[in-house]
Amino acid sequence: MNDKNTASADDRYTVPALQRGLQLLMQFNREDRELTGAELSRRLDLPRASVFRMLFTLEQGGFVERVGDGNSYKLGLAVLRLGFEYLASMELTEHGRPVIEELRDRCGYSAHLVVRDGRDVVFIAKAAGHNAMFHSIQVGARLPAHATVLGRLLLGNLDLAALRHLYPESPLPAYTPRTPTTLEQLKILIDLHRLDGYGVSQGGFETGISTIGAPVFNDRGEVAAAVSIAVPAQHVNETELPQLIEQVKGAAAQLTDRISHLPNRGAWQPNPPARKAA
(Lines give C-alpha, C1' and ligand atoms only; values in the text may rest on other atoms or scores of the structure.)
Protein backbone atom coordinates (compact mmCIF):
# COMPACT_ATOMS: atom_id res chain seq x y z
CA MET A 1 0.00 0.00 0.00
CA ASN A 2 1.46 3.40 -0.96
CA ASP A 3 1.66 6.41 1.36
CA LYS A 4 -1.42 8.03 -0.17
CA ASN A 5 -3.56 4.97 0.46
CA THR A 6 -2.15 4.62 3.98
CA ALA A 7 -3.02 8.24 4.76
CA SER A 8 -6.52 7.70 3.42
CA ALA A 9 -6.97 4.64 5.64
CA ASP A 10 -5.72 6.59 8.68
CA ASP A 11 -8.11 9.44 7.92
CA ARG A 12 -10.98 6.99 7.59
CA TYR A 13 -10.52 5.85 11.20
CA THR A 14 -9.83 9.27 12.69
CA VAL A 15 -12.64 11.01 14.58
CA PRO A 16 -11.98 14.73 14.04
CA ALA A 17 -14.29 15.94 16.81
CA LEU A 18 -12.61 13.67 19.37
CA GLN A 19 -9.19 14.73 18.12
CA ARG A 20 -10.08 18.40 18.56
CA GLY A 21 -11.50 17.75 22.03
CA LEU A 22 -8.29 16.07 23.14
CA GLN A 23 -6.25 18.92 21.67
CA LEU A 24 -8.38 21.33 23.69
CA LEU A 25 -7.70 19.47 26.95
CA MET A 26 -3.97 19.47 26.23
CA GLN A 27 -3.94 23.29 26.19
CA PHE A 28 -4.22 23.27 30.00
CA ASN A 29 -0.96 22.88 31.92
CA ARG A 30 0.72 24.08 35.10
CA GLU A 31 1.35 27.53 33.59
CA ASP A 32 -2.08 27.82 31.95
CA ARG A 33 -4.40 26.37 34.57
CA GLU A 34 -7.32 28.55 33.47
CA LEU A 35 -8.26 29.49 29.89
CA THR A 36 -11.23 31.26 28.33
CA GLY A 37 -13.14 30.00 25.34
CA ALA A 38 -11.76 32.89 23.29
CA GLU A 39 -8.17 31.95 24.19
CA LEU A 40 -8.80 28.33 23.28
CA SER A 41 -10.38 29.40 19.99
CA ARG A 42 -7.24 31.36 19.07
CA ARG A 43 -4.88 28.55 20.10
CA LEU A 44 -6.75 25.87 18.20
CA ASP A 45 -7.63 28.13 15.25
CA LEU A 46 -11.26 27.09 15.51
CA PRO A 47 -14.49 29.09 15.47
CA ARG A 48 -15.61 30.22 18.92
CA ALA A 49 -18.96 28.47 18.47
CA SER A 50 -17.19 25.12 17.90
CA VAL A 51 -14.96 25.62 20.95
CA PHE A 52 -17.87 26.51 23.19
CA ARG A 53 -19.76 23.39 22.06
CA MET A 54 -16.69 21.29 22.93
CA LEU A 55 -16.38 23.02 26.30
CA PHE A 56 -20.04 22.41 27.02
CA THR A 57 -19.67 18.71 26.16
CA LEU A 58 -16.51 18.32 28.22
CA GLU A 59 -18.10 20.19 31.12
CA GLN A 60 -21.07 17.80 31.07
CA GLY A 61 -18.64 14.90 31.45
CA GLY A 62 -16.68 16.59 34.21
CA PHE A 63 -13.49 16.95 32.15
CA VAL A 64 -13.52 20.75 32.45
CA GLU A 65 -15.31 23.06 34.82
CA ARG A 66 -16.10 26.75 34.83
CA VAL A 67 -14.12 28.96 37.17
CA GLY A 68 -16.65 30.78 39.34
CA ASP A 69 -19.12 32.84 37.34
CA GLY A 70 -16.52 34.01 34.82
CA ASN A 71 -15.60 32.95 31.31
CA SER A 72 -12.60 30.84 32.24
CA TYR A 73 -12.38 27.06 32.43
CA LYS A 74 -10.05 24.64 34.19
CA LEU A 75 -9.54 20.89 34.09
CA GLY A 76 -12.19 18.92 35.99
CA LEU A 77 -12.09 15.94 38.31
CA ALA A 78 -12.77 13.46 35.50
CA VAL A 79 -9.26 14.14 34.18
CA LEU A 80 -7.87 13.46 37.65
CA ARG A 81 -9.78 10.18 37.82
CA LEU A 82 -8.28 9.13 34.51
CA GLY A 83 -4.86 9.98 35.88
CA PHE A 84 -5.46 7.84 38.95
CA GLU A 85 -6.62 4.94 36.77
CA TYR A 86 -3.45 5.30 34.72
CA LEU A 87 -1.30 5.32 37.84
CA ALA A 88 -3.13 2.23 39.10
CA SER A 89 -2.28 0.45 35.85
CA MET A 90 1.42 1.27 35.98
CA GLU A 91 3.77 -1.64 36.63
CA LEU A 92 5.58 0.47 39.22
CA THR A 93 2.40 1.09 41.16
CA GLU A 94 1.28 -2.53 40.84
CA HIS A 95 4.55 -3.82 42.27
CA GLY A 96 4.96 -0.96 44.72
CA ARG A 97 1.64 -1.13 46.53
CA PRO A 98 2.25 -4.44 48.37
CA VAL A 99 5.79 -3.28 49.22
CA ILE A 100 4.65 -0.08 50.90
CA GLU A 101 1.78 -1.90 52.60
CA GLU A 102 4.30 -4.33 54.12
CA LEU A 103 6.50 -1.39 55.12
CA ARG A 104 3.50 0.27 56.79
CA ASP A 105 2.72 -2.94 58.66
CA ARG A 106 6.30 -3.19 59.89
CA CYS A 107 6.71 0.37 61.15
CA GLY A 108 3.11 1.51 61.70
CA TYR A 109 3.59 4.78 59.80
CA SER A 110 2.07 5.89 56.51
CA ALA A 111 4.18 4.70 53.59
CA HIS A 112 4.32 6.21 50.12
CA LEU A 113 5.63 5.62 46.63
CA VAL A 114 6.66 8.72 44.69
CA VAL A 115 8.04 9.58 41.25
CA ARG A 116 9.40 12.77 39.74
CA ASP A 117 7.52 14.73 37.09
CA GLY A 118 9.88 17.50 36.02
CA ARG A 119 10.32 19.73 39.06
CA ASP A 120 7.61 18.01 41.10
CA VAL A 121 7.43 14.98 43.36
CA VAL A 122 4.18 13.09 42.64
CA PHE A 123 2.66 10.63 45.11
CA ILE A 124 1.41 7.62 43.13
CA ALA A 125 0.63 5.11 45.92
CA LYS A 126 -0.08 5.25 49.64
CA ALA A 127 -0.53 2.85 52.54
CA ALA A 128 -2.23 4.72 55.38
CA GLY A 129 -0.63 4.41 58.82
CA HIS A 130 -2.21 3.01 61.95
CA ASN A 131 -2.51 6.43 63.60
CA ALA A 132 -6.07 7.48 62.75
CA MET A 133 -5.43 10.99 64.06
CA PHE A 134 -2.70 11.61 61.47
CA HIS A 135 -3.70 12.16 57.87
CA SER A 136 -0.70 12.01 55.57
CA ILE A 137 -0.51 13.34 52.03
CA GLN A 138 -2.86 11.92 49.42
CA VAL A 139 -2.24 10.13 46.11
CA GLY A 140 -1.86 12.63 43.29
CA ALA A 141 -0.37 15.33 45.52
CA ARG A 142 2.67 17.23 44.29
CA LEU A 143 5.57 18.75 46.18
CA PRO A 144 8.52 20.84 44.92
CA ALA A 145 11.42 18.49 44.23
CA HIS A 146 14.27 20.80 45.20
CA ALA A 147 12.69 21.66 48.56
CA THR A 148 11.98 18.10 49.76
CA VAL A 149 14.12 15.15 50.71
CA LEU A 150 12.11 12.90 48.37
CA GLY A 151 12.71 15.24 45.46
CA ARG A 152 16.43 15.33 46.13
CA LEU A 153 16.49 11.53 46.12
CA LEU A 154 14.68 11.52 42.78
CA LEU A 155 17.08 14.10 41.33
CA GLY A 156 20.00 11.78 42.06
CA ASN A 157 20.74 11.02 38.39
CA LEU A 158 21.15 14.66 37.39
CA ASP A 159 24.53 16.37 37.12
CA LEU A 160 24.96 20.11 37.60
CA ALA A 161 24.37 20.86 33.90
CA ALA A 162 21.08 18.95 33.93
CA LEU A 163 20.06 20.74 37.11
CA ARG A 164 20.75 24.10 35.46
CA HIS A 165 18.51 23.08 32.57
CA LEU A 166 15.75 22.06 34.98
CA TYR A 167 16.15 25.13 37.21
CA PRO A 168 17.25 28.05 35.00
CA GLU A 169 16.13 30.70 37.47
CA SER A 170 18.04 32.01 40.46
CA PRO A 171 17.46 31.94 43.36
CA LEU A 172 15.36 28.80 43.74
CA PRO A 173 12.00 29.27 45.50
CA ALA A 174 12.37 29.02 49.28
CA TYR A 175 9.63 27.29 51.28
CA THR A 176 11.39 27.13 54.64
CA PRO A 177 14.73 28.41 55.97
CA ARG A 178 16.16 24.96 55.13
CA THR A 179 15.27 25.09 51.43
CA PRO A 180 18.36 25.23 49.16
CA THR A 181 18.16 28.39 47.07
CA THR A 182 21.17 27.83 44.77
CA LEU A 183 22.02 24.93 42.50
CA GLU A 184 25.28 24.44 44.34
CA GLN A 185 23.44 24.02 47.65
CA LEU A 186 20.94 21.68 46.01
CA LYS A 187 23.67 19.56 44.40
CA ILE A 188 25.46 19.16 47.75
CA LEU A 189 22.29 17.79 49.35
CA ILE A 190 21.58 15.51 46.38
CA ASP A 191 25.10 14.10 46.56
CA LEU A 192 24.84 13.55 50.33
CA HIS A 193 21.61 11.57 49.89
CA ARG A 194 23.19 9.66 47.03
CA LEU A 195 26.21 8.80 49.15
CA ASP A 196 24.08 7.67 52.10
CA GLY A 197 21.58 5.73 50.00
CA TYR A 198 18.64 7.32 51.82
CA GLY A 199 17.39 10.68 53.03
CA VAL A 200 15.88 11.95 56.27
CA SER A 201 14.11 15.25 56.82
CA GLN A 202 12.84 16.07 60.30
CA GLY A 203 10.45 19.01 60.00
CA GLY A 204 12.48 20.30 57.07
CA PHE A 205 9.55 20.98 54.75
CA GLU A 206 6.41 20.68 56.86
CA THR A 207 6.42 21.42 60.57
CA GLY A 208 5.66 18.39 62.71
CA ILE A 209 6.32 15.85 59.94
CA SER A 210 9.47 13.80 59.49
CA THR A 211 10.15 11.94 56.25
CA ILE A 212 12.46 9.00 55.64
CA GLY A 213 12.99 7.93 52.02
CA ALA A 214 15.15 5.68 49.86
CA PRO A 215 15.55 5.40 46.07
CA VAL A 216 14.16 2.72 43.77
CA PHE A 217 16.16 1.85 40.65
CA ASN A 218 15.11 0.61 37.22
CA ASP A 219 16.91 -1.97 35.09
CA ARG A 220 19.37 0.69 33.87
CA GLY A 221 20.41 1.58 37.40
CA GLU A 222 18.60 4.93 37.24
CA VAL A 223 16.45 6.33 40.01
CA ALA A 224 12.89 5.50 38.98
CA ALA A 225 11.02 6.25 42.20
CA ALA A 226 11.39 6.54 45.95
CA VAL A 227 9.79 4.76 48.90
CA SER A 228 9.12 6.77 52.04
CA ILE A 229 7.39 6.88 55.38
CA ALA A 230 5.92 9.92 57.14
CA VAL A 231 6.39 10.12 60.90
CA PRO A 232 4.03 12.54 62.70
CA ALA A 233 6.76 14.16 64.77
CA GLN A 234 9.15 17.08 64.45
CA HIS A 235 12.01 14.77 65.44
CA VAL A 236 12.18 10.98 65.28
CA ASN A 237 13.37 9.22 68.43
CA GLU A 238 17.10 8.57 68.05
CA THR A 239 16.72 4.96 69.16
CA GLU A 240 13.96 4.38 66.57
CA LEU A 241 15.53 6.20 63.62
CA PRO A 242 18.17 3.62 62.57
CA GLN A 243 15.60 0.83 62.44
CA LEU A 244 13.18 2.95 60.41
CA ILE A 245 15.93 3.85 57.95
CA GLU A 246 16.77 0.17 57.45
CA GLN A 247 13.10 -0.70 56.96
CA VAL A 248 12.66 1.99 54.30
CA LYS A 249 15.89 1.00 52.55
CA GLY A 250 14.81 -2.63 52.62
CA ALA A 251 11.46 -1.79 51.04
CA ALA A 252 13.16 0.29 48.33
CA ALA A 253 15.58 -2.58 47.61
CA GLN A 254 12.68 -5.02 47.41
CA LEU A 255 10.84 -2.84 44.89
CA THR A 256 14.06 -2.36 42.90
CA ASP A 257 14.37 -6.14 42.61
CA ARG A 258 10.77 -6.40 41.47
CA ILE A 259 10.98 -3.81 38.69
CA SER A 260 14.59 -4.26 37.58
CA HIS A 261 15.12 -7.99 38.19
CA LEU A 262 18.66 -7.07 39.27
CA PRO A 263 19.34 -8.14 42.88
CA ASN A 264 21.15 -5.83 45.29
CA ARG A 265 20.62 -2.66 43.24
CA GLY A 266 18.34 -1.05 45.82
CA ALA A 267 20.89 1.19 47.51
CA TRP A 268 23.70 3.48 46.51
CA GLN A 269 27.21 2.58 47.55
CA PRO A 270 29.08 3.23 49.72
CA ASN A 271 26.69 3.18 52.64
CA PRO A 272 28.19 5.05 55.65
CA PRO A 273 26.55 5.43 59.05
CA ALA A 274 23.41 7.55 59.30
CA ARG A 275 23.93 11.29 58.99
CA LYS A 276 22.15 13.86 61.06
CA ALA A 277 18.79 14.64 59.43
CA ALA A 278 18.47 17.69 57.20
Side-chain angles (χ1 to χ4, degrees), residues 87-88 90-116 121-141 143 148-154 156 193-206 208-218 223-278:
L87 291 175
M90 289 173 59
E91 181 182 10
L92 181 62
T93 310
E94 179 182 352
H95 288 294
R97 185 170 289 111
V99 171
I100 63 172
E101 287 175 351
E102 182 180 350
L103 174 61
R104 182 270 320 277
D105 293 340
R106 286 178 177 274
C107 68
Y109 298 118
S110 292
H112 305 93
L113 180 62
V114 300
V115 296
R116 182 171 65 88
V121 174
V122 183
F123 288 72
I124 63 172
K126 169 188 174 180
H130 300 320
N131 186 346
M133 300 299 293
F134 173 65
H135 300 285
S136 62
I137 200 163
Q138 299 301 311
V139 170
L143 296 177
T148 58
V149 66
L150 294 178
R152 295 190 288 267
L153 287 168
L154 294 169
H193 296 325
R194 182 180 180 87
L195 184 65
D196 288 345
Y198 66 91
V200 179
S201 175
Q202 303 196 63
F205 181 76
E206 185 176 355
I209 303 295
S210 294
T211 301
I212 303 170
V216 175
F217 297 91
N218 61 23
V223 181
V227 168
S228 71
I229 59 172
V231 182
Q234 185 73 8
H235 296 284
V236 182
N237 188 297
E238 291 186 3
T239 60
E240 184 183 18
L241 183 59
Q243 181 180 2
L244 293 176
I245 290 173
E246 290 306 313
Q247 289 173 340
V248 172
K249 288 171 58 181
Q254 182 182 358
L255 184 51
T256 291
D257 290 345
R258 289 192 178 201
I259 68 170
S260 70
H261 312 294
L262 296 174
N264 302 320
R265 292 294 294 275
W268 282 306
Q269 296 295 329
N271 220 1
R275 296 179 182 271
K276 188 176 180 179

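The model shown is predicted, which means the values in this text are computed figures rather than measured ones. Below, all heavy atoms of this structure are taken into account, side chains as well, without hydrogens, waters or symmetry copies.
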Asker: Under a 4.5 Å cut-off applied to non-hydrogen side-chain atoms, are Val227 and Leu255 in contact?
Answerer: yes
Asker: Of all heavy-atom pairs between Lys249 and Gly197, which one has the smallest distance, and what is that distance?
Answerer: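 Looking at all heavy atoms of both residues, the shortest contact is CG-O, 4.1 Å.
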Asker: Name all residues meeting the side-chain hydrogen bond (donor to acceptor under 3.5 Å, both in side chains) criterion together with Gln243; count only those two or more places apart in sequence or in a different chain, and write none if there are none.
Answerer: none
Asker: Between Ser110 and Ala128 (side chain of the first, backbone of the second, donor and acceptor by atom type, cut-off under 3.5 Å), is there such a pair?
Answerer: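 Here the side-chain-to-backbone pair does not exist.
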Asker: For the side chain of Arg194 and the backbone of Gly156, is there at least one donor-acceptor N/O pair under 3.5 Å apart?
Answerer: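 Present.
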Asker: For the NE2 atom of His112 and the CD1 atom of Ile100, what is their distance to the nearest 0.5 Å?
Answerer: 7.5 Å
Asker: Testing the basics here: between Ile229 and Cys107, what is the closest heavy-atom pair and its distance to 0.1 Å?
Answerer: CG2-SG, 3.9 Å
Asker: Go through it in stages, so that I can follow the logic: the residues are Ile212 and Val149, the test is side chain to side chain contact (heavy atoms under 4.5 Å, CB included), and I'd like the CA-CA distance, side-chain angles, deciding distance and then a yes or no.
Answerer: CA-CA 8 Å; Ile212 303 170; Val149 66; over 6 Å; no
Asker: Distance check, rounded to the nearest 0.5 Å: Phe217 atom CZ versus Thr256 atom OG1?
Answerer: 6.5 Å
Asker: How close do Tyr109 and Ala230 get, counting heavy atoms only, and between which atoms?
Answerer: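 Distance-wise, the nearest heavy atoms are CB-O, 3.5 Å.
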Asker: Between Ala214 and Leu153, what is the shortest heavy-atom contact and its length?
Answerer: N-CD1, 3.7 Å
Asker: List the atom of Gly213, the atom of Leu150, and the distance in Å for their closest heavy-atom pair.
Answerer: CA-CD2, 4.1 Å
Asker: Of all the heavy-atom pairs spanning His95 and Arg258, show the shortest one and how long it is.
Answerer: O-NH1, 3.4 Å
Asker: For Ala225, which residues count as a side-chain contact (heavy atoms from CB on, under 4.5 Å) partner, sequence neighbours excluded?
Answerer: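 Result, side-chain contact (heavy atoms from CB on, under 4.5 Å) vs Ala225: Leu92, Leu113, Val115, Val216.
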Asker: Determine, step by step, whether Leu103 and Gln247 satisfy the side chain to side chain contact (heavy atoms under 4.5 Å, CB included) criterion, reporting the C-alpha distance in whole Å, the side-chain angles of both residues, the deciding distance to 0.1 Å, and the verdict.
Answerer: CA-CA 7 Å; Leu103 174 61; Gln247 289 173 340; 3.9 Å; yes
Asker: Going by side-chain hydrogen bond (donor to acceptor under 3.5 Å, both in side chains), name the residues that satisfy it together with Glu102, two or more places apart in sequence or in a different chain.
Answerer: Arg106
Asker: Side chain to side chain contact (heavy atoms under 4.5 Å, CB included) between Val200 and Leu241: does it pass, once the steps are laid out?
Answerer: CA-CA 9 Å; Val200 179; Leu241 183 59; 4.3 Å; yes
Asker: Give, for atom CZ of Arg152 and atom CZ of Arg116, the distance between the pair rounded to the nearest 0.5 Å.
Answerer: 14.0 Å
